[in-house]
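Protein chains get the first letters and strands the later ones, always in sequence-line order, with residue 1 at the start of each.
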Number of protein chains: 2
Amino acid sequence: MTAGSAPKWRRLEPDERREQIFTCAAELFGERPYAAVSTADIAARAGVARGLINHYFGTKRELYLAVVRRALTLSPSAAATLPDGSLAERTDAAVDWFLDMVGKQQKMWLAAITPEGIGRDEEVERILDEADRDAAGLVLEAMGFDRGDERWEQLIALVRTYGGMVKAASREWLDRGTLNRSQVHTVLSQVLYTLVADVIPRARHQSE
Amino acid sequence: MTAGSAPKWRRLEPDERREQIFTCAAELFGERPYAAVSTADIAARAGVARGLINHYFGTKRELYLAVVRRALTLSPSAAATLPDGSLAERTDAAVDWFLDMVGKQQKMWLAAITPEGIGRDEEVERILDEADRDAAGLVLEAMGFDRGDERWEQLIALVRTYGGMVKAASREWLDRGTLNRSQVHTVLSQVLYTLVADVIPRARHQSE
DNA sequence: GACTCCTCTTGACACTTCGCCAACAAGCGG
DNA sequence: CCGCTTGTTGGCGAAGTGTCAAGAGGAGTC
């Protein structure tokens, strides 16, 4: 034993510590409901004092929001990697890319989108909202629409509608296992195709 | 003052008291998030001791579940009024009927399906799940499928996927006002048509 | 190598909320 | 008018959260 020079705890850079706590929190929120995860649990898994969580994130709820926010943010970079080609090819590729991404993040993705909530929370709602909006924007651009389109808001709304189906399909696939990936791919790409090819042209003339 | 014969509290029949507490809880859960409603609040509005809530419902969560359960219970009667005819006609009529129904129940419907939640709850999930399942069953039967179909579970899953889109569309229409009824009708019936005519036949051959 | 100082980290305190339980009293039946 | 059933109360203990001042790690300095 080389003397009692062993520190009880290690001092980390704020960003580092913050990230560590964040990771542990993400894991826990992924496996249990919000209310069933105590700040003490998070602190324990991070090997840290409970108070430190408040120091870095202010509130348990804020920490949760941060986790959700990151889980829902999808990289705009990969969206550009979509091939040109027929509409069918593009919808196919887009859905494929999306399913790959979701397949990796499984737990987080599911936890974030799962509507099974006790009670409502304005902030969470807002975050989900913006994430949906961004995602819809990416999809539209990938499908060849222009962000400056006069009916952009309407298009966003339509695709967001489709987003509801995407989430539900993800749950059937990853959570319940009632559909396999291939089937989910078929539904989603087929419907996306219909949306772009049939629905959007029609919806434009129903604006009143 | 006719003497001090005034009782501090009135003794009610269990069902009566239970219902009274239930009503107050439903009101509060309707206006604030779950976590922001304390049992003390409920007790106060009901003019009752806090402990009585536990006596009748066991747990705050159980009380909440009871409220949600009742909110999701809808009338299965009107579903049989569906016309025969081409697939397009039937999808059209089904969506129309549905939008009518939703248009009336607005608040209730929105409150029930709104995914704004912090955390997950197994029991709530189960309740929403069964409601979705029942709804999917109705849709399938309306589209001419047989409940004894060998792939019934799979069909249910597919339609439940569609259900996600229905909910999202409802929110765009009723909550955000980004789409009008006519547009929502177009999306939903068009997609439903695609689902039944194109997707389901294909999905059958992808079961591995 | 010892000292200093900055700030990251801890541990305890105050407060709120929830479930439990024993005692109390409303009001019907005798 | 009285006693018994049971609906109802009120307080206790446990659990969880946010705050804060004090303590300790460790890099920089002489």
Can you list, in residue-number order, the parts of residues 13-24 of chain B that come under 4.0 Å of DNA chain D, counting heavy atoms only?
B:Pro14, B:Arg17

List in chain and number order the residues that pass side-chain contact (heavy atoms from CB on, under 4.5 Å) with B:Ala169, two or more places apart in sequence or in another chain; answer none if no residue qualifies.
A:Thr161, B:Val184, B:Leu188

Those residues at least two apart in sequence (or on a different chain) that pass side-chain contact (heavy atoms from CB on, under 4.5 Å) with B:Ile200 are B:Phe145, B:Leu155, B:Leu158

Sequence neighbours left out, what passes side chain to side chain donor-acceptor pair (under 3.5 Å) with [X]? Give chain and number order.
{"X": "B:Arg133", "result": "B:Glu153"}
{"X": "B:Asp41", "result": "B:Arg32, B:Ser38"}
{"X": "B:Thr23", "result": "none"}

Taking all heavy atoms of A:Leu12 and all of A:Arg10, pick out the closest pair and write down the distance.
CD2-NH2, 3.3 Å

Quick check: closest heavy atoms across A:Leu63 and A:Ala25, and the distance to 0.1 Å?
CD2-CB, 3.7 Å

Summary of salt bridge (charged side-chain N to carboxylate O under 4.0 Å, His left out) pairs that have at least one residue in residues 48-59 of chain B, sequence neighbours excluded:
none

Does anything in residues 137-148 of chain A pair up under side chain to side chain donor-acceptor pair (under 3.5 Å), and if so which pairs, sequence neighbours excluded?
A:Glu141-A:Arg147

Interatomic distance where CZ belongs to A:Phe57 and P belongs to C:dC8 [whole Å]
14 Å

At a 4.0 Å cut-off to heavy atoms of chain A, the contacted part of DNA chain D spans D:dT17 to D:dG26

Would you mind classifying the nucleic acid contact of A:Tyr56 as base, sugar-phosphate or nothing, using non-hydrogen atoms under 4.0 angstrom?
sugar-phosphate

Parallel, tilted or perpendicular: ring planes of B:Phe29 versus B:Tyr64, cut at 30 and 60 degrees
perpendicular

Counting only side-chain N and O atoms of B:Thr39, is one of them less than 4.0 Å from OP1 or OP2 of C:dT17?
no

Which of residues 45-53 of chain B have a heavy atom under 4.0 Å from DNA chain C?
B:Arg50, B:Gly51

For B:Glu172 and B:Gln183, which I'm curious about, is there any donor-acceptor pair between the side chains at under 3.5 Å?
no

Protein heavy-atom contacts under 4.0 Å, written 5' to 3' over nucleotides 24-30 of chain C as B (base), S (sugar-phosphate only) or - (none), form the string --BS---

So, using ring-ring contact (aromatic ring centres under 6.0 Å, His included) as the criterion, who are the partners of A:Tyr162 when residues are at least two apart?
none

Distance under 6.0 Å and angle within 45° of ring axis: A:Arg17 vs A:Tyr56
no

